[in-house]
Amino acid sequence: MNEYLNIFFVILRRDLTLAFRNKSEFINPLMFFVIIIILFPLAFGSDSALLKQLTSGIIWISALLATCLSLEAIFRSDFEDGSIEQLTLARYPLTLLVSAKVTAHWLTFGLPLIIVALLTGLVLSVPSQTMLALLITLLLGTPVLSLIGAITVALTIGLRGGMLLSLLILPLYMPVLIFSMLAVQNATVGQSIAAEIYFLSGILVLAITLAPITTAAALRIRLS
Amino acid sequence: MSLYKKCHRWFHQFASPKYFYDISHIISKYAIVVCIICFIAGLYGGLILAPADYQQGDSFRIMYVHVPAAWMALFVYVVMAVAGGIGLIWHIKLAEIVARNSAPIGASFTFLALVSGAIWGKPMWGAYWVWDARLTSFLILFFLYLGYIALQSAFEDRRVAARAGAILALVGIVNIPIIHYSVEWWSTLHQGSIISQIDKPTVHMSMLIPLIFMVLAFKTFYVTSLLIRVRTEILEYESNTSWVKQLLRDYKNVTN
Amino acid sequence: MSLTDFLSMGGYAKYIWPVYGICAVVLFLNIALPIFRERKVIRELQKRLQSEESKT
Amino acid sequence: MSIFNIKNLQCIRRDNILFQGLNFDLEQGGLLQIDGVNGSGKSSLLQMCVGLIQASEGSINWNGVNIKESRYQFQSDMTYFGHSNGVKAELTARENMKVMHALSGDKSDIDYSSILKQIGLAGLEDVLLSRMSAGQKRRVGLSRIFMTQSKLWLLDEPFNALDKNGKKIIEQLIVKHCTAGGMVIFATHQTMEIDGYPLQHIHLGNET
């Protein structure tokens with residue numbers, strides 16, 4: 001059993017070192033995330049009551065769009081230098097290797113995104129219980145974004161048609177966005193957010209079980 | 001010969017393009033006839049015979065386009081996912097062709113459902129687009145269709161495109177109930193559920209029969225449109241086989 | 001049920017007929033385009049077949 | 001019953017038939033060269049043997065079992081080296097080799113410096129691949145064959161971007177592997193000096 005765990009961590013460590021080696025791929029989505037958030041006060045006027053109400057929504061939508069941009073990085077470099085073939089043809093199940101890569105993507109993009117999102121939340125004076133709901137929904141939501149995103153990236157890597165990835169992925173992200181936003185709004189008015197959190201964790205568990213297998217199948221199809 | 005072996009042989013025989021090409025002519029003849037009859041019956045029943053609804057007056061007659069279109073939008077997506085799955089697992093070329101050619105028809109049904117739903121909303125709720133739960137789910141379904149079609153056209157090799165499309169359709173099928181339920185949850189929280197009670201007209205028997213005719217008409221229409229597209233693609237696929245060449249020669253005497 | 005009553009559709013005419021109009025257009029397109037495409041493909045394949053046969 | 005067998009294989013790429021009705025058996029110690037002009041389907045045949053591409057007709061069997069059924073059993077017995085080197089430019093040679101070694105599942109610990117010495121890259125353990133030349137990168141990619149116990153090697157153009165002695169090293173390695181009972185299938189249009197080792201041939205493309 002530890003043979004499989006060992007290979008999981010080898011691939012994970014490899015991807016993390018790769019991410020730290022070329023920082024631009026790792027920092028750009030965060031900068032993009034902050035820039036989108038800055039657009040909204042410019043659009044609505046900085047101190048308007050409307051902005052107060054929308055802040056957590058803006059944070060979540062910017063997180064979603066930033067993840068959308070960062071998804072390409074999971075397989076693009078492997079696809080270009082051919083190591084995706086080596087992964088597909090290794091003796092270990094491709095599902096395991098793919099989940100290692102998706103975990104690496106979440107650690108390099110999802111986690112920093114949550115930290116930066118919370119910082120911007122503080123700066124934009126979001127009330128504390130909304131911050132808590134924002135943190136929980138982001139913690140449950142961003143892995144789902146990475147997992148489902150990996151399927152679509154595996155299908156569309158290297159294809160012409162630039163926005164194809166976002167066109168395919170955003171409809172699948174809507175349930176996560178809907179439940180997160182409902183949880184955040186309930187938290188702002190002090191109601192319990194248990195229902196939405198249950199649903200989000202349900203979607204997360206579904207994504208964890210089904211997404212890696214589908215990504216492996218999608219990769220095999222894309223390589224054929 | 002055991003039952004399993006018999007239907008296994010029949011399944012593979014049915015899946016051979018040549019056999020399907022000949023059969024499809026017969027099927028589409030019947031389908032066209034049934035389709036026209038159902039359309040006439042449905043329209044006549046729906047527009048003329050059915051009494052006006054006590055609450056909505058005559059505007060409920062849009063239901064005879066909206067409900068069948070919406071039903072077909074979901075039905076075609078399921079057919080696409082199932083056919084894609086069969087093509088993916090058993091590498092049956094015919095299933096891939098059926099899946100790929102169902103997408104545009106499904107997309108136009110979804111578009112029809114959206115437009116009719118929006119126009120139906122105007123007399124009832126006063127605005128064309130009223131973020132009603134069902135309409136929003138169909139809007140997302142419309143984007144799932146557009147994504148599928150865009151993905152198909154992004155690949156040069158058709159076989160790979162079909163299998164990639166099958167994966168996307170299967171992922172979509174898993175997501176449709178989640179999307180639908182989350183949108184329902186979202187819309188009941190925002191608008192309150194009063195609105196969704198009104199627009200379900202108390203369906204009186206004389207209103208229901210035309211509706212069934214219209215659904216049948218849409219289904220047979222789907223079959224006819226699909227068969228034309230599938231036949232064209234079979235010809236393209238099998239263009240260098242002898243039976244297609246022979247067919248093209250015979251066809252030549254007919255046209256010129 | 002005179003014709004004008006039928007056409008006015010109890011005052012909802014401007015909602016019902018556009019819907020049926022669009023429905024007719026969409027259905028017509030879904031039949032016409034495939035038929036044109038089928039004819040085009042058959043013509044192309046015939047041309048290719050003739051050129052092949054004339055070569056051999 | 002041969003170990004590696006290709007039965008009546010057909011390959012269609014973008015609706016034109018590259019080759020069809022291809023039959024071949026490879027025994028213990030067999031060395032097979034696939035040659036043919038560019039675009040004749042050399043790489044496609046290799047990718048089919050490996051299972052990357054689906055064959056529209058025919059089958060490929062390893063120990064009598066179709067590779068589609070026993071995918072991971074087959075994959076643990078073979079090593080594939082394609083056009084692209086399959087190494088990461090941002091990692092050093094040692095890190096790349098560590099990953100390759102882990103992926104090959106070979107338990108014994110390996111002295112990376114000795115392997116690098118064997119392929120003529122002595123002392124370059126901690127150099128980033130992005131600073132190496134194409135030939136050096138190709139050798140680091142090829143070093144994966146030193147680290148696997150797999151019996152069957154499938155090499156796609158192993159010699160391009162390699163200089164003369166690089167080619168010699170790889171040739172000796174292939175011959176050593178075959179005499180030790182391994183099997184090698186490689187696609188190249190260059191000639192091989194393997195001093196008399198029995199070389200089997202598959203020629204693709206219609207101009208013979």
Side-chain angles (χ1 to χ4, degrees), chain A residues 141 144 147-183 185-186 189 191 193 195-196 198-200 202-207 209-211 213-224, chain B residues 77 81 84-85 87-89 91 96 103 107 110 131 133 136-191:
Chain A
V144 175
L147 282 160
I148 301 181
I151 301 174
T152 346
V153 169
L155 278 177
T156 60
I157 195 80
L159 287 184
R160 41 178 164 67
M163 293 312 290
L164 186 62
L165 178 69
S166 318
L167 174 66
L168 295 186
I169 199 66
L170 283 171
L172 304 176
Y173 278 176
M174 285 180 192
V176 175
L177 180 69
I178 288 174
F179 280 113
S180 311
M181 286 330 301
L182 291 178
Q185 269 142 26
N186 283 350
V189 297
Q191 283 172 350
I193 57 170
E196 283 83 13
Y198 285 140
F199 227 96
L200 271 177
I203 293 177
L204 176 60
V205 167
L206 183 72
T209 42
L210 290 183
I213 300 165
T214 326
T215 318
L219 266 179
R220 283 194 204 289
I221 288 171
R222 179 71 194 97
L223 288 171
S224 69
Chain B
Y77 200 89
L88 196 61
I89 297 159
H91 298 300
E96 288 167 7
T110 328
W131 288 110
T136 326
S137 326
F138 278 106
L139 184 63
I140 301 173
L141 179 65
F142 189 53
F143 281 109
L144 287 179
Y145 271 113
L146 293 184
Y148 181 90
I149 294 168
L151 184 70
Q152 291 286 329
S153 52
F155 283 89
E156 323 86 24
D157 182 345
R158 280 189 214 221
R159 293 302 302 268
V160 176
R163 293 164 66 219
I167 291 271
L168 188 69
L170 291 171
V171 169
I173 275 283
V174 170
N175 271 288
I176 282 181
I178 300 174
I179 290 173
H180 185 67
Y181 190 77
S182 57
V183 168
E184 285 280 333
W185 181 292
W186 162 79
S187 81
T188 41
L189 276 190
H190 278 288
Q191 270 143 347

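Just so it is clear: chains get the letters A, B, ... in the order the sequence lines come, proteins before strands, and each one is counted from 1. These numbers were taken from a predicted model, which means no experiment stands behind them.
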Engaged part of [X] at the chain B interface, taking heavy atoms whose separation is under 4.5 Å:
X      : answer
A:L170 : neither
A:I169 : neither
A:I151 : side chain

Classify the ring geometry between B:Y181 and A:F199 as parallel (under 30°), tilted (30 to 60°) or perpendicular (over 60°). parallel

Mutual orientation of the aromatic rings belonging to A:F179 and B:W185 [parallel < 30°, tilted 30-60°, perpendicular > 60°]: perpendicular

Cut-off 4.5 Å, heavy atoms of chain A, and the answer for B:L168 is both

If we ignore hydrogens and angles and just use 3.5 Å, is the side chain of B:Y145 paired with the main-chain N or O of B:I140 as donor and acceptor? no

Salt bridge or not between B:R159 and B:E96? Use side-chain N to carboxylate O under 4.0 Å. yes

At their closest point, which heavy atom of A:I178 faces which heavy atom of B:V183, and how far apart are they? CD1-CG2, 4.0 Å

Chain A interface, residue from B:A166, B:G172, B:S182 that has the most non-hydrogen pairs under 4.5 Å: B:S182

